[in-house]
Amino acid sequence: MYTRVFHLSFFIWSCLSFVAFTVGSFQQNLKVRPYARDPLQDVVTWDEHSIFVNGERVLFFSGEFHAFRLPVPSLWLDILQKIRSLGFTGVSFYVDWALLEGKPGEYSAEGVFALEPLFEAASKAGIYLLARPGPYINAEVSGGGYPGWLQRVEGYLRTNATDYLATTENYMTSVLKSISNAQITNGGPVILVQPENEYSQAVSGIPFPNADYMEYVEDQFRKNGIVVPLISNDASPYGHNAPGQPAPVDIYGHDGYPLGFDCSNPSRWTSFNTNFRTLHLEQSPSTPYSIVEFQGGAFDPWGGVGFDKCLSLVNYEFERVYYKNNYGFGVTIYNLYMIFGGSNWGNLGHPGGYTSYDYGATIAEDRSVAREKYSEMKLQANFLVASPAYLTVTPGTPSTTQYTTSSDVYVTPLKSNETQFYVVRHSLFNSTEATTYKLRLDGSSSGNITVPQLGGSLTLNGRDSKIHVSDYDLGGTTLLYSTAEIFTWQKYGNGTVLVVYGGPGEQHELAVSQIGISSSEINASLDVLVNSTETSVIVNWLTSATAQYVTIGDLQVYIVDRNTAYNFWVIPSGNSLYTNTEDVNIVAKSGYLLRTANVTETSLDITGDLNATSPLWIVGGAPKNLKTLTFNGQEVEFSVDENGAISSNLTYIAPEFAVPTLKDLQWYYIDSLPEIQGDYDDDAWTLASFATTNNTSRALTTPTSLYASDYGYHAGSLIYRGKFTAKGNETTFKVETQGGTAYGASIFLDSSFLGSTVGNKSAASANATFALPQLGADEVHTFTILIDHMGLDEEWTVGSNTMRSPRGVLNYDLAGHDQSDVTWKLTGNLGGEDYVDHVRGPLNEGALYAERQGYHLPSPPVETWTKGLSPIDGISSAGVGFFTTSVDLDFPSGYDIPLSIRLPAINFTSTIRVQLYVNGWQFGKYVSNIGPQTQYPVPEGIWNYNGQNWLAVSLWALEAAGGSIASIELVASEAVQSGREQVQVVESPAWSQRAEAY
């Protein structure tokens, strides 16, 4: 996906997502009907229309999910089941190199960083995977996924520079071993792999595209066991690495973000793609049309408008119009970025974004699925998965005159053998008008007719798009046409179920081929008009909130409005691989979420989630002789109507639990900037002694390098101490610092506060000049500089050197002195690249004294701290206070109760910076004068919902008067009664004395 770097004039793209999944899993759980086979190929191959998995055509409908942004592996299945319940067939995921090789040569992918639990969860959910391990990923993560130590490599990144390529070997060999083992050829879920990411642009003078570089990367994949197809993700459809281009991949793909990333005006639709199909035929006509990232939301920068606005920008209307436009191009490898965003916990994000990575995605950061765009995606994905003809369509020429009676309607026809799809939208794509029209069926088996035939007109209400069909196969029954959109159809031994929907109050019509059906075999709701002829049965209706139906022989048609359709689900039978002997999908309507189903000859077991008491209506797939129906393991009563539909009632029981009031807890306080005290000993600190730097982004302007990454400090805060012997004539101290967008810095002379750079939403660096008091000759004094490290910039444009933009002190001038008169030491996280906490990874800690001592971990030694002082009390002078408290939780099992920490509304005149730690995991960075984030979701599993937790808060006051947090609250979102698997509390080592701490 692409990312805006605010101190540059260009936008940065990033991300790519795709999906894969185990052969047996896909066939058993996804229940995709068999398509035309290629008898000469096996495993994963492709033609110009789609990919094949074990000889069957597969629609790769995917969403982007970054497991590293949800560091609770036992919740990954929850996310993947929610994606699978959308009807999606795949998931795309990045791997963040910076989290796995914090020290050169030492790859560590254990605990929350292990990939194997993701592969296991995908197989269990029945989801294919598209693996995207880089080495470069972008993804709005620090360094674009590059570890900070790459700043010390001289050669250009993302090129065939020998020293750069050598640095990638350990990571690529290690990560590809895990991915290789999880390929479908080894019984795993991975069916596609992407080398590099958005290799699409370079600065002038850099050879591009560099075939030698891409060949080296692709060779790394192949020599480390990757045998599934390699796919690309061009940041714009320029054709890089397409067949015929240098170093081509197997399948060419590109991304697209038509609305960009400015969420401040969410109603504006200013860009619309109409030429993607043409470009595809020019660039890669022999591979499936693939959009490896399409806009599923937007990121939001420091000082932005918040993700609620991004959700409004890329909402359910956007999905209807923009996504269906892409279906009109015949896309069959399709990945949405993001489907679930998660959180930039532990300093893993880049400086262009804050802790939340909600993204306005289909699934919210707290894992809830209450957004309307979730329901809309479910309608679209299930239709395409149930439409095998779509996988071999040839798009025709769009027209505003040929297919409808209104020139205000734009129609793209797609044809596959006899079946035709008509993608309908407004001619003016962003129109909000209500436009009436009739559809002309050109060349259908019904003849050249105009529908509806029995009265009324069709309507496009505002920002909407529809897919009408003709000559659509329902497993042996021909749907001659339908103006209502299809949610799904399923064929069972005793008949076929079809669910269609329309917008509220819309007129619609469908017709079914009449083959020996007597009038006695046709039955319909009273408000449905049915006309039976010798060749067809035509059904016409006005869509209402009350479900309607028509029975035509062994075809049962359920007619609902869109809002009702939102509550329908297609549930694959079984929730693990190779467990079912019958190929059955359950079609049901109920509740907040339906996850899985298990079918036997006489029983049906369903799992799902409830947020209210809800009726359960099963219209297809239940055993004919059903005797036992369970929901989340509990047997429920049911009845069967004359059409064979099963009705039951699922009871929601509101849980009883208490959320602690944080301000009333026992807090403990310790000073976390002792470095400004006169007796502080910095002997153990790192001496800034390097006279040169390999960082090629900026030449040194100081006698020795003060670039933090030269000394192994790549994340969190940084602290510098500069000692000098005064001459007595010092008047000013000038200093240039850099920490990344929205950073801040505070400067002290000995224990005296000189001032701060409080930061703003766009500045990555700043110059500041401070007046000095009269100093006595021959006195030794110390400058202390605290800098907020906001992450490393990405390297989206090859040769830009932006990832190497240094963090720390860039330049300084002490009046009356040579620069060499000041001797500097620095620190970041304890140990730097020899980081102490391998459980939480190399980026979770910064330079603060409390972090170096490990006081942010559970059970710190509070006995000697100040008791009763909380963040609401704050601190009375510039500096850093550190506060901690124990939080006991006792939540009932069987419920998903998301918890968030809420801080005060943004106050642009207040200048405090706050970090939040739960059981040692940094899950929030709050900047009071920039914002916008004030609420920080922290997942169960980081919280222990049935035991003791430790919440810690660092409070950095950037003003002489100090600062405090006006309020701090723990808030619970809607409690959902859930059928998910039990969440395991992640390993969170408690505090112990760090012998090497200083």
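Quick note: residue numbers are just sequence positions, from 1. This one's a predicted model, so the numbers in the text were calculated from it and none came from an experiment.
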- Is there side-chain contact between Leu662 and Leu951, with heavy atoms separated by less than 4.5 Å? yes

- Query: What distance do Thr784 atom OG1 and Leu754 atom CG have between them, rounded to the nearest 0.5 Å?
  - Reply: 9.5 Å

- Message: Does Val836 form a side chain to side chain contact (heavy atoms under 4.5 Å, CB included) with Asn829? I'd like the steps, not just the answer.
- Response: CA-CA 9 Å; Val836 178; Asn829 64 296; over 6 Å; no

- Query: Is it the case that Thr884 and Trp667 place a side-chain donor and acceptor less than 3.5 Å from each other?
  - Reply: no

- With Arg804 as reference, evaluate Thr693, Asn695, Thr696, Asn694 under the side chain to side chain donor-acceptor pair (under 3.5 Å) test and give the passing residue. Thr696

- Message: What I want to check is whether the side chains of Ser709 and Trp149 have a donor and an acceptor closer together than 3.5 Å.
- Response: no

- Report yes or no: do Ser356 and Asp358 form a side-chain donor-acceptor pair below 3.5 Å? no

- CA sep, side-chain torsions, deciding dist, call: Phe753, Phe748, ring-ring contact (aromatic ring centres under 6.0 Å, His included): CA-CA 4 Å; Phe753 176 60; Phe748 299 81; 5.4 Å; yes

- Taking the side chain as every heavy atom from C-beta outward, state whether Asn760 and Thr741 have any pair of such atoms under 4.5 Å apart. no

- Message: How close do Phe923 and Val938 get, counting heavy atoms only, and between which atoms?
- Response: CB-CG2, 3.8 Å

- Task: Quick one: do Tyr136 and Asn138 satisfy side chain to side chain donor-acceptor pair (under 3.5 Å)? Show the steps, please.
- Result: CA-CA 6 Å; Tyr136 182 75; Asn138 217 61; 2.3 Å; yes

- Item | Between CZ on residue Arg840 and CD on residue Gln922, distance to nearest 0.5 Å | 12.0 Å

- Task: Please find out if less than 6.0 Å separates the ring center of His817 from that of Phe724.
- Result: yes

- Message: If we count only N and O atoms by modelled type, under 3.5 Å, do the side chains of Thr725 and Glu779 hold a donor and an acceptor together?
- Response: no

- Query: Can Ser820 and Asp818 be counted as having a side-chain donor-acceptor contact under 3.5 angstrom?
  - Reply: no

- Message: Pair Asp710, Arg807 - check salt bridge (Lys or Arg N to Asp or Glu O under 4.0 Å), show working.
- Response: CA-CA 10 Å; Asp710 280 352; Arg807 300 293 180 254; over 6 Å; no

- Item | Distance-only donor-acceptor check, side chains His856 and Glu845, under 3.5 Å | yes

- Given side chain to side chain contact (heavy atoms under 4.5 Å, CB included), test Leu848 with Leu786 step by step and report yes or no. CA-CA 9 Å; Leu848 295 182; Leu786 171 60; 4.1 Å; yes

- Where is the tightest heavy-atom contact between Gly962 and Ala957, given as atom of each residue plus distance? C-CB, 3.4 Å

- Item | Which atom of Ile912 lies closest to which atom of Gly963, heavy atoms considered | CG2-CA, 4.1 Å

- Point-to-point distance, once rounded to the nearest 0.5 Å, from CD1 of Ile747 to CZ of Phe783: 10.0 Å

- Do Glu675 and Trp685 come within less than 4.5 Å of each other through their side chains, counting heavy atoms only? yes

- Item | Atom pair CD (Gln935) and OH (Tyr926), whose distance is rounded to the nearest 0.5 Å | 12.5 Å

- Donor on one side chain, acceptor on other, Tyr669 and Ser870, under 3.5 Å: no

- I would like to know whether Gln853 and Tyr998 meet side chain to side chain donor-acceptor pair (under 3.5 Å); could you show each step before the answer? CA-CA 7 Å; Gln853 298 294 324; Tyr998 47 82; over 6 Å; no

- Take Thr885 and Trp950 through the test side chain to side chain donor-acceptor pair (under 3.5 Å) and record every step on the way to the result. CA-CA 6 Å; Thr885 189; Trp950 284 86; over 6 Å; no

- Query: From Asn265 CG over to Leu259 CG, what is the distance, rounded to the nearest 0.5 angstrom?
  - Reply: 10.5 Å

- Give a yes or no on whether the backbone of Lys825 and the side-chain of Tyr711 come within a donor-acceptor separation of less than 3.5 Å. no

- What one should report as the nearest heavy-atom pair of Ala715 and Asn347 is CB-CB, 4.2 Å

- Carefully, step by step, assess Glu833 and Arg152 under the rule salt bridge (Lys or Arg N to Asp or Glu O under 4.0 Å). CA-CA 13 Å; Glu833 290 167 10; Arg152 303 195 296 267; 2.7 Å; yes

- Message: Can you confirm whether the side chains of Thr702 and Gln819 place a donor and an acceptor under 3.5 Å from each other?
- Response: no

- Task: Would you indicate whether the side-chain heavy atoms of Ser264 and Lys309 approach each other to under 4.5 Å?
- Result: no

- Message: Main chain of Ser142, side chain of Glu794: is a donor-acceptor contact present, judged purely on distance under 3.5 Å?
- Response: no

- Task: Given side chain to side chain contact (heavy atoms under 4.5 Å, CB included), test Ile670 with Thr866 step by step and report yes or no.
- Result: CA-CA 6 Å; Ile670 192 171; Thr866 302; over 6 Å; no

- Thr686 versus Tyr713, side-chain donor and acceptor atoms under 3.5 Å: yes

- Note on the structure: Rounded to the nearest 0.5 angstrom, the CZ-CZ distance for Arg852 and Arg994 is 10.5 Å

- Query: Please walk me through it: do Tyr680 and Thr782 pass side chain to side chain donor-acceptor pair (under 3.5 Å)?
  - Reply: CA-CA 10 Å; Tyr680 183 80; Thr782 302; over 6 Å; no

- Contact summary for Ser805 and Asp793, nearest pair of heavy atoms: CB-OD2, 3.6 Å

- Task: Output yes when a side-chain donor or acceptor of Tyr855 lies under 3.5 Å from a complementary backbone atom of Pro861, and no otherwise.
- Result: no

- Give me the one residue out of Phe261, Tyr359, Tyr354 that meets ring-ring contact (aromatic ring centres under 6.0 Å, His included) with Phe307. Tyr354

- Stepwise salt bridge (Lys or Arg N to Asp or Glu O under 4.0 Å) check, Asp682 with Lys723: CA-CA 11 Å; Asp682 62 13; Lys723 292 184 180 181; 3.4 Å; yes

- Message: Can you confirm whether or not the ring centre of His66 sits under 6.0 Å from the ring centre of Tyr337?
- Response: yes

- Residue of the set His350, Arg69, Lys925 for which side chain to side chain donor-acceptor pair (under 3.5 Å) holds with Asn344: Arg69

- Task: Give a yes or no on this: more than 12 heavy atoms of other residues, nucleotides or ligands lie within 6.0 Å of atom NZ of Lys663.
- Result: no

- Message: Whether the Ser765 and Glu736 side chains hold a donor-acceptor pair (N or O, under 3.5 Å, no angle test) is what I'd like checked.
- Response: no

- Are any of the side-chain heavy atoms of Tyr849 and Pro674 separated by less than 4.5 Å? yes

- Polar contact flag, side-chain donor to acceptor under 3.5 angstrom, Asp750-Ser752: no

- Residues Ile137 and Asp96: closest non-hydrogen pair is CD1-CA, 4.0 Å

- Message: Could you go through Leu749 and His781, starting from their C-alpha distance and side-chain angles, then the distance that decides it, and tell me whether this counts as side chain to side chain contact (heavy atoms under 4.5 Å, CB included)?
- Response: CA-CA 7 Å; Leu749 176 63; His781 295 275; 3.9 Å; yes

